[in-house]
Amino acid sequence: MISFCRSVLAPPSDAAVNFGHCFALLSQYPAVYQTEGLKGGELEVMQQLKRRMRADWIEDLADVPEWAVRHACREWRRSSKGEWRPKISDILHLANSALAPFRAQLLDGERKLDHARLEARRQAHFAAEHARVYG
């Protein structure tokens with residue numbers, strides 16, 4: 001169970017993959033930063049802005065499993081909130097909601113494993129003491 005939860009919670013090997021899912025979602029909304037008609041310095045500033053925004057999405061979603069980002073994008077599209085562009089925090093909230101049960105199972109499994117290890121050490125100590133005292 002622990003290894004399964006860890007594999008489900010593992011981040012993608014390529015953080016940009018998550019941005020691809022989000023970009024597909026964001027592409028459905030009119031952008032306020034259109035580059036058509038921009039020239040020279042304005043165009044360069046807008047392109048830098050897009051690169052920085054992309055980098056923010058990639059950085060903030062780097063630790064989120066790909067399936068959770070896909071789930072969050074799907075939930076956003078299907079919700080009444082889907083009338084406006086999501087922020088990174090919106091996608092993170094939906095993804096974390098999907099991850100919560102697996103995180104809880106992992107925490108519970110790790111607690112049980114720690115308890116079992118502690119109990120095994122206690123029993124080994126008791127057996128050693130018993131052997132020392134009673135030969």
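Every heavy atom of this structure was used, including side-chain atoms; hydrogens, water molecules and symmetry mates were not.
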field: Residue that, paired with L107, satisfies side-chain contact (heavy atoms from CB on, under 4.5 Å) out of R111, Q105, R103
entry: R111

query: Does the side chain of H71 come within less than 4.5 Å of L94's, by heavy atoms?
result: no

message: Donor-acceptor pair, distance only, cut-off 3.5 Å: does the side chain of W76 make one with the backbone of R85?
response: no

- prompt: Tell me the ring pair (Phe, Tyr, Trp, His ring centres under 6.0 Å) pairs involving residues 107-126, sequence neighbours left out?
  reply: none

field: Interatomic distance, R52 atom CZ to E59 atom CD [nearest 0.5 angstrom]
entry: 13.5 Å

statement: For V64 and A68 the tightest heavy-atom approach is CG1-CB, 3.9 Å

- line: Rounded to the nearest 0.5 Å, the CZ atom of F19 sits from the CD1 atom of I88 at a distance of 9.0 Å

message: Which heavy atom of A16 sits nearest to which heavy atom of R54, and what is that distance?
response: CB-NH2, 4.2 Å

task: Following the transitive rule for hydrophobic clusters with a side-chain heavy-atom cut-off under 4.5 Å over Ile, Leu, Val, Met, Phe, Trp and Tyr, establish whether I58 and V17 coincide in one cluster.
output: no

message: With rounding to the nearest 0.5 angstrom, report the CG to CG distance, L61 to L92.
response: 5.0 Å

Partner residues of R51 under the salt bridge (charged side-chain N to carboxylate O under 4.0 Å, His left out) criterion, sequence neighbours left out: E44

message: Between F23 and W57, is there shared hydrophobic-cluster membership here, with clusters defined by ILVMFWY side-chain heavy atoms closer than 4.5 Å?
response: yes

statement: Across all chains, not counting sequence neighbours, the salt bridge (charged side-chain N to carboxylate O under 4.0 Å, His left out) partners of K87 are none

- request: Return the set of residues passing side chain to side chain donor-acceptor pair (under 3.5 Å) with R121 (not counting sequence neighbours), or none when no residue passes.
  value: none

query: Should L99 and W67 count as side-chain neighbours, where that means a heavy-atom distance under 4.5 Å?
result: yes

E75: salt bridge (charged side-chain N to carboxylate O under 4.0 Å, His left out) partners, not counting sequence neighbours: none

statement: Sequence neighbours excluded, the answer for salt bridge (charged side-chain N to carboxylate O under 4.0 Å, His left out) partners of D108 is K112

- request: Evaluate the side-chain proximity of N18 to P65: yes if any heavy-atom separation is below 4.5 Å, no if none is.
  value: no

query: For the residue pair A72 and A95, what are the closest heavy atoms and their distance?
result: CB-N, 3.7 Å

